[in-house]
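Here the structure comes first, spelled out in structure tokens, and everything after it is commentary.
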Amino acid sequence: MDVLKAIKNRYSCRAYKAEPVPEEKLKKVLEAARLAPSPHNEQAWKFVVVRDAEKRKKLAEAAMGQEFVGEAPVVIVAVALEPEEVMSTGVPNYAVGLAIAVDHMTLAAVEEGLGTCWIGAFSQNEVKEILKIPERYKIVVLLPLGFPADKPKPKSRKNLEEIVCDENFSD
Ligand SMILES: Cc1cc2nc3c(=O)[nH]c(=O)nc-3n(C[C@H](O)[C@H](O)[C@H](O)COP(=O)(O)O)c2cc1C
């Protein structure tokens with residue numbers, strides 16, 4: 001599959017079949033994160049793979065009760081190990097690095113026929129407690145993963161003219 005096709009086919013999947021994710025497919029998705037770029041190639045991240053049904057239910061509760069999170073057979077929890085590091089631009093390393101790694105996973109999942117949804121709404125403290133993640137780290141995203149049980153809606157996006165400027169910035 002070409003990359004643009006995978007980008008177009010990715011959508012936020014909010015209903016999953018109970019069918020387990022084959023280990024081979026899961027490994028390909030995780031490999032996409034492993035190969036992602038990161039500031040200074042530090043790869044200061046961990047990806048906690050949660051399959052246990054009870055834990056997934058607790059994660060869904062910690063994600064403001066978004067039940068579909070727990071219905072996905074796998075939830076990948078992306079954790080930043082150096083959340084204090086800031087680039088010379090003032091932009092935090094971890095947010096950029098983890099965003100790229102997780103986006104790689106969402107696109108690799110499309111290739112494998114799997115759905116994902118970025119979950120940014122969750123309680124940092126509750127998820128840390130559920131998964132025994134040390135206080136000093138920062139959880140960036142929960143990524144449910146599984147075979148989709150819903151269908152994508154048409155994408156609602158701004159036109160290119162609204163978001164691209166020529167030569168100089170303009171509002
Ligand atoms: C950082 C981030 C956090 C998000 N958090 C949530 C979330 O907690 N729950 C949810 O259902 N969708 C969440 N989304 C998904 C967005 O709502 C979705 O990407 C957007 O509406 C565009 O739809 P699409 O992904 O289907 O193209 C999040 C997306 C991003 C990038």
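Just so you know, ligand 1 is whichever comes first in the structure, and atom 1 is the first atom listed for that ligand. For reference, positions follow the sequence shown, starting with 1. It should be emphasised that the depicted structure is a prediction, and the values quoted were computed from it without experimental measurement.
A side chain to side chain contact (heavy atoms under 4.5 Å, CB included) with Ile76 is found for exactly one of Leu30, Val50, Val102, namely Leu30.
For the residue pair Tyr11 and Lys155, the shortest heavy atom distance occurs at CA-NZ, 4.1 Å. Between Val21 and Leu145, the shortest heavy-atom contact is CG2-O, 3.7 Å.
Using a cut-off of 4.0 Å between Lys/Arg side-chain N and Asp/Glu carboxylate O, Glu71 and Arg14 are scored as not salt-bridged. Between Lys27 and Glu24 there is no salt bridge, since none of the side-chain N atoms of the basic residue sits less than 4.0 Å from a carboxylate O of the acidic one.
Near ligand 1, Arg10, Tyr11, Ser12, Arg14, Gln66, Phe68, Cys117, Trp118, Ile119, Gly120, Ala121, Lys155, Arg157 each place a heavy atom less than 4.0 angstrom from the ligand.
Neither Leu81 nor Val96 shares a network with the other; the hydrophobic side chains, linked directly or stepwise wherever heavy atoms of I, L, V, M, F, W or Y lie under 4.5 Å apart, form separate groups for each.
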